[in-house]
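Heads up: the structure comes next, in structure tokens.
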Amino acid sequence: MTNLTTEPAVQDTDLDELGPVDYIVVEFPAGASNFTGEMAKALLALVDSGTIRVIDILILTKNEDGTVDAKEFSDVEELGPLQVVEGQLAELLAADDVVHLAAAMDPGSTAGVLIWENLWAAPFAAAARRSGGQLIAHGRIPIQAIIASIEADEAHSTEGE
Amino acid sequence: MPLRAARVGRVGVIGHPVAKTAVVAKAVTPGPSPIAKTAVVAAAVTPGRAGRRRL
């Protein structure tokens with residue numbers, strides 16, 4: 001298994017071989033954060049296994065007046081094992097993106113923004129493109145929707161008894 | 001702490017203000033316990049589970 005955290009970032013990625021790129025914004029309400037290193041460990045495991053490549057990370061803080069402070073990942077003290085990941089970031093996000101992403105945040109909260117490439121999906125995506133396929137839809141099914149569907153099914157079954 | 005200068009003035013990739021995602025808590029109230037619901041969801045996505053779809 002390739003240990004990606006100890007190798008240089010991939011600088012010459014063939015565009016056709018690029019995996020889907022996703023982002024998340026994880027909000028920590030004021031006073032609710034409990035950083036034990038568990039998140040860093042899990043993220044490093046995904047990188048080391050070649051599941052993802054981290055493209056960008058920002059730390060956002062939304063003040064009570066709605067203004068937003070953005071901190072570069074490199075400005076975070078005590079990065080620990082994530083130092084290697086920081087050295088490979090591509091800094092994809094623009095200042096405008098910070099404003100757009102922070103729109104989802106509550107005042108007084110802090111959030112981590114993570115942008116990553118799904119390396120695990122790249123070979124399939126490339127194969128689909130070479131086969132003439134075009135991505136026309138994608139998305140995520142919320143767990144809430146699955147639960148609602150199951151419950152509706154159960155209710156339907158109960159009515160029929 | 002300011003952003004790096006390279007991020008300023010560049011065209012963004014997000015494109016529009018992001019709306020907050022529905023919090024998972026919505027899925028666990030009311031009704032059975034969260035653990036019970038987790039088991040139900042896990043069963044729903046288990047390989048080989050069939051016969052539920054009605055088109």
Side-chain angles (χ1 to χ4, degrees), chain A residues 21-27 29 55-62 66 68-77 86 89-107 109 111 113 115 139-157, chain B:
Chain A
V21 175
D22 284 334
Y23 75 89
I24 55 171
V25 181
V26 181
E27 182 181 66
I55 295 175
D56 207 351
I57 299 177
L58 283 177
I59 311 299
L60 308 182
T61 301
K62 193 166 199 175
V68 178
D69 296 326
K71 180 189 273 189
E72 297 284 355
F73 196 52
S74 57
D75 292 331
V76 175
E77 296 177 7
E86 190 280 325
L89 297 182
E91 297 182 3
L92 176 68
L93 291 172
D96 285 350
D97 293 322
V98 171
V99 176
H100 289 150
L101 293 168
M105 297 172 62
D106 288 332
S109 67
V113 179
I115 314 285
R140 175 165 293 129
I141 299 175
I143 295 299
Q144 294 95 322
I146 298 176
I147 291 173
S149 172
I150 293 167
E151 289 182 344
D153 248 13
E154 290 172 349
H156 186 266
S157 300
Chain B
M1 196 79 67
L3 289 172
R4 289 216 174 86
R7 297 188 191 271
V8 180
R10 191 197 302 165
V11 175
V13 293
I14 303 300
H16 53 81
V18 173
K20 186 185 283 283
T21 302
V23 177
V24 175
K26 181 185 174 189
V28 297
T29 56
S33 72
I35 292 174
K37 291 206 173 193
T38 300
V40 169
V41 173
V45 296
T46 298
R49 184 178 184 274
R52 181 167 168 263
R53 182 180 297 133
R54 293 186 298 269
L55 294 176

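Below, chains carry the letters A, B, ... as their sequence lines are ordered, and counting in each starts from 1.
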Using a cut-off of under 4.5 Å on heavy-atom pairs, state which of [options] scores highest against chain B.
options	result
V99(A), V21(A), L58(A), V25(A)	L58(A)
T61(A), D106(A), I59(A)	D106(A)
H100(A), E91(A), E27(A)	H100(A)

### Task
Check whether V98(A) gets within reach of chain B through its side chain, its backbone, both or neither, counting any heavy atom under 4.5 Å.
side chain
#### Entry: Structural part of I115(A) lying under 4.5 Å from a heavy atom of chain B
neither
#### Entry: Between A19(B), G15(B), A6(B), P17(B), the one whose heavy-atom pairs under 4.5 Å with chain A are most numerous
P17(B)
### Message
One pair to check against side chain to side chain contact (heavy atoms under 4.5 Å, CB included): I14(B) and Y23(A). What are the steps and the verdict?
### Response
CA-CA 9 Å; I14(B) 303 300; Y23(A) 75 89; 3.9 Å; yes
Could you tell me which non-hydrogen atom of [X] sits nearest to which non-hydrogen atom of [Y], and how far apart they are?
X	Y	answer
L3(B)	A70(A)	CD2-CB, 3.5 Å
V8(B)	A95(A)	CA-CB, 4.1 Å
D96(A)	R10(B)	OD2-O, 4.4 Å

### Query
Got a salt bridge between R7(B) and D97(A), using NZ or NE/NH1/NH2 to carboxylate O under 4.0 Å?
no
